[in-house]
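Shown next, in structure tokens, is the structure this report addresses.
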Amino acid sequence: MLDIRMFREHADVIRADHDKRGLSHDSIDDVIRLDEEWRKSQYDADQLRRKRNEAARGIAAAKKAGDDATFAQIKAEVDAIASEIEALGIQADSQQAERDLIRMSIPNILHASVPKGEDDGGNTQHSMHGSKPNFDFEPRTHNDLIEANKWVDLPRAAKIAGSRFFFLKGDLARMELALQQYAVDFIASRGYTFVQPPVMMNRQAYEGVTDLEDFESVMYNVQPDGLYTIATSEHPLTAMFMDEVIEPSQLPIKIVGVSPCFRREVGAHGQGDKGIWRVHQFTKIEQIIISHPDESWDFHEELLTNCVELWDSLGIHYEVVNICTGDMGTVAAKKYDLEAWLPAREEYKEIVSCSNCTDYQANRLRMRYRTAEGNSAVHTLNSTAVATSRALVAIMEQNQLADGRVRVPDVLQSYMGDTETLEPCNW
RNA sequence: GCGGACGUCGCAUAGCCUGGUAUCGCGCCGGAUUUGAAAUCCGGUGGUAUUUACCGCGGGAGUUCAAAUCUCUCCGUCCGCGCCA
């Protein structure tokens with residue numbers, strides 16, 4: 001959510017951003033109009049309250065003195081104002097609620113370096129890392145590999161939970177655990193605190209960190225308590241500071257989190273989504289930074305650097321892309337994706353997403369830091385370190401051997417008892 | 001799950017019984033003093049606004065002319081009991 005001061009003082013900035021995104025200005029105009037109406041109602045109501053307070057000032061004395069005539073006169077005066085105040089108050093509340101509902105749907109202001117484009121075709125390459133592996137055989141897709149090696153059981157998962165759930169088995173499951181440990185150690189060694197968050201959140205906190213439409217298409221709602229399972233640990237790890245005023249000396253707060261992530265993936269179907277590429281539940285190691293506004297762009301680059309060095313160390317070939325205006329979504333002001341090379345399909349596909357959300361989440365969550373002039377919103381940043389299901393796909397496809405087994409990246413071998421090659425499962 | 005205590009500005013705390021202007025301290029910010037620092041002194045430190053006003057005492061509702069204060073309810077914390085990986 002954008003600061004209301006942006007609409008009052010710098011509406012031209014929001015308008016320019018909407019032009020960049022190809023959006024109409026209607027919502028901006030609505031917010032500005034409703035804000036003016038709300039302020040008028042609020043001011044009028046405040047003036048009446050003031051009148052009432054002034055009138056009521058003598059009421060205690062009259063009551064104590066037993067002066068019933070004065071008491072009755074003041075009470076009549078106060079009663080007359082009360083109904084007016086109530087009507088104005090209701091009007092003001094509804095104007096403010098409507099204003100903020102629209103304001104919630106208005107996207108963040110994009111950074112100047114975000115390229116213009118209509119969809120993911122407009123994303124631009126930032127950098128290329130590693131090189132395409134050479135195979136003296138026809139490389140197989142990860143779906144072939146998991147089936148041939150019996151590393152993943154999709155049919156039985158579908159039987160007990162539904163499609164897009166999976167059992168992870170044998171050496172591939174061991175490598176998944178190794179990836180978690182390795183990634184956590186890698187990021188924690190750079191001064192990030194390891195945190196394991198709750199995997200369910202209430203609606204109020206969740207609205208602070210995500211697009212409202214996600215409640216219908218992305219999140220599982222758990223009854224009877226009405227909690228939502230998290231779609232990423234970014235959500236609890238950012239919302240953790242909701243309603244807080246942070247001392248500037250505490251900033252930046254750097255976190256590496258790990259959690260299962262749950263996504264309904266409504267409407268997702270297609271050849272590219274087979275196997276474990278797009279699933280309802282996966283594990284993700286996430287980087288989070290809560291920072292002073294002046295530092296967030298430097299930290300955005302730091303998060304990307306962490307990703308690049310982590311994925312380089314795994315020996316994976318990938319490119320970094322700068323996400324364009326049309327592919328950005330509501331919350332982020334700038335986003336880099338890492339896209340790994342999948343040799344069988346000859347495509348680069350998203351494995352990491354690295355965002356600076358500036359003050360957008362912080363405004364909704366009322367996360368502030370103390371300044372001399374008053375409290376002001378912090379900036380929030382998040383970046384995948386490793387989403388293990390997709391990391392497994394990239395490693396399997398790039399490290400596959402002619403017989404279908406898979407070479408374990410060097411840095412992971414010590415995390416799984418010096419295992420060098422993933423062996424098939426026998427059931 | 002049962003019983004009890006409690007929730008007050010960043011932290012800590014008074015006010016609650018007996019309804020009538022949000023208290024003291026710490027921390028933080030600014031200023032004075034100082035070569036600099038510490039110490040000391042002064043001022044400021046919840047939100048909103050058409051800037052001196054209005055709203056705020058965990059959330060919501062109720063009683064009342066008036067609620068931090070009384071009642072109900074929900075949420076949370078702590079203690080004891082029960083259950084439990």
Side-chain angles (χ1 to χ4, degrees), chain A residues 1-9 31-100 103 196-208 222-228 236 239-253 260 290-294 359 362-378:
Chain A
M1 181 166 70
L2 297 178
D3 193 324
I4 192 65
R5 285 174 297 189
M6 285 294 293
F7 293 88
R8 293 176 190 160
E9 295 161 24
V31 169
I32 292 171
R33 176 179 52 80
L34 285 160
D35 183 50
E36 281 167 1
E37 289 173 9
W38 167 72
R39 282 197 284 177
K40 172 113 184 35
S41 306
Q42 189 68 28
Y43 181 77
D44 292 346
D46 279 357
Q47 291 310 306
L48 287 171
R49 287 197 187 95
R50 177 187 191 172
K51 245 172 89 182
R52 183 189 61 184
N53 291 345
E54 281 167 358
R57 207 145 285 160
I59 205 166
K63 188 77 176 176
K64 275 180 191 156
D67 185 349
D68 288 344
T70 308
F71 177 78
Q73 183 210 325
I74 295 173
K75 179 168 155 35
E77 214 173 313
V78 164
D79 282 348
I81 303 171
S83 60
E84 271 186 87
I85 292 173
E86 198 185 348
L88 266 175
I90 290 167
Q91 185 180 316
D93 287 350
S94 81
Q95 284 162 340
Q96 188 184 31
E98 196 186 341
R99 179 196 78 178
D100 287 341
R103 187 154 67 111
Q196 298 188 25
V199 298
M200 293 187 202
M201 285 171 67
N202 62 42
R203 174 99 190 194
Q204 195 219 341
Y206 224 129
E207 283 184 353
V222 181
Q223 296 304 334
D225 295 318
L227 295 171
Y228 292 86
M240 137 180 224
F241 301 97
M242 178 169 81
D243 287 324
E244 294 191 21
V245 178
I246 302 169
E247 294 293 341
S249 60
Q250 296 295 305
L251 298 175
I253 296 169
I290 316 290
S291 92
H292 189 284
D294 293 345
D359 63 357
N363 279 325
R364 280 196 201 172
L365 291 166
R366 297 165 301 281
M367 284 164 57
R368 296 146 294 160
Y369 69 100
R370 193 183 301 288
T371 76
E373 297 78 35
N375 299 333
S376 187
V378 295

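So you know, we letter chains A, B, ... as the sequences are listed, proteins then strands, and number each from 1.
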- [ ] Using a 4.0 Å heavy-atom cut-off, write out nucleotides 44-65 of chain B from 5' to 3' as B (base contacted by protein), S (sugar-phosphate only) or - (no contact).
- [x] -SSSSSB--SSS---------B
- [ ] Please report the closest heavy-atom contact between Pro293(A) and Tyr369(A), naming both atoms and the distance.
- [x] CD-CE2, 3.5 Å
- [ ] May I have the distance from Leu251(A) (atom CG) to G10(B) (atom P), rounded to whole angstrom?
- [x] 16 Å
TODO: Using side-chain hydrogen bond (donor to acceptor under 3.5 Å, both in side chains) as the criterion, list what pairs up with Arg203(A), not counting sequence neighbours.
DONE: Glu207(A), Tyr228(A)
- [ ] Locate the shortest heavy-atom distance separating Met201(A) from Ala239(A); write the atom from each residue and the value.
- [x] CE-CB, 3.7 Å
TODO: In sequence, state the C-alpha distance, the side-chain angles, and the governing distance for Lys40(A) and Asp44(A), and then conclude on salt bridge (Lys or Arg N to Asp or Glu O under 4.0 Å).
DONE: CA-CA 6 Å; Lys40(A) 172 113 184 35; Asp44(A) 292 346; 2.8 Å; yes
Task: Pairwise P distance, C6(B) and C17(B) [rounded to whole Å] - done: 13 Å
TODO: Could you classify U23(B) for me, syn or anti, using a glycosidic angle within 90° of 0 as syn?
DONE: anti
Open item on the list: Taking the C1' atom in each of C55(B) and A66(B), what is the distance between them to the nearest angstrom?
Closed with: 16 Å
Task: P-based separation of C26(B) from A39(B) [nearest Å] - done: 11 Å
Task: Contacts of Asp3(A) that satisfy side-chain hydrogen bond (donor to acceptor under 3.5 Å, both in side chains) - sequence neighbours left out - done: Arg5(A)
- [ ] Return the value, rounded to whole Å, for the distance between atom CD of Gln250(A) and atom P of C28(B).
- [x] 12 Å
- [ ] Sticking with atom C1', work out how far C70(B) lies from U18(B), rounded to a whole angstrom.
- [x] 11 Å
Open item on the list: Rounding to an integer number of angstrom, what distance separates G4(B) and C9(B) when you compare their P atoms?
Closed with: 27 Å
Task: Stepwise side chain to side chain contact (heavy atoms under 4.5 Å, CB included) test for Ile246(A) and Arg370(A) - done: CA-CA 6 Å; Ile246(A) 302 169; Arg370(A) 193 183 301 288; over 6 Å; no
TODO: With C1' as the reference atom in both, quote the distance from A5(B) to A85(B) in angstrom, rounded to an integer.
DONE: 30 Å
Task: salt bridge (charged side-chain N to carboxylate O under 4.0 Å, His left out) involving Glu84(A) - partner list, sequence neighbours excluded - done: none
- [ ] Would you mind reading off the distance between Asp225(A) atom CG and C75(B) atom C1', rounded to a whole angstrom?
- [x] 12 Å
When the side chains of residues 91-98 of chain A are checked against the rest of the protein, which donor-acceptor pairs come out under 3.5 Å, sequence neighbours left out?
| residue | atom | partner | partner atom | Å |
| --- | --- | --- | --- | --- |
| Gln91(A) | NE2 | Ser41(A) | OG | 3.2 |
| Ser94(A) | OG | Gln91(A) | O | 3.2 |
| Gln95(A) | OE1 | Ser41(A) | OG | 2.7 |

TODO: Between U33(B) and A14(B), how far apart are the P atoms? Round to whole Å, please.
DONE: 39 Å
TODO: Decide, yes or no, whether a salt bridge links Asp35(A) with Arg39(A) under the criterion of side-chain N to carboxylate O below 4.0 Å.
DONE: yes
Task: Pairwise P distance for G62(B) and C28(B), with rounding to whole Å - done: 44 Å
Task: Dot-bracket encoding per residue of RNA chain B, Watson-Crick/G-U cut-off under 3.5 Å, | denoting interstrand - done: ((((((((.[[...)....(....]]((((((.......))))))(((....)))..[[[[[..)....]]]]])))))))....
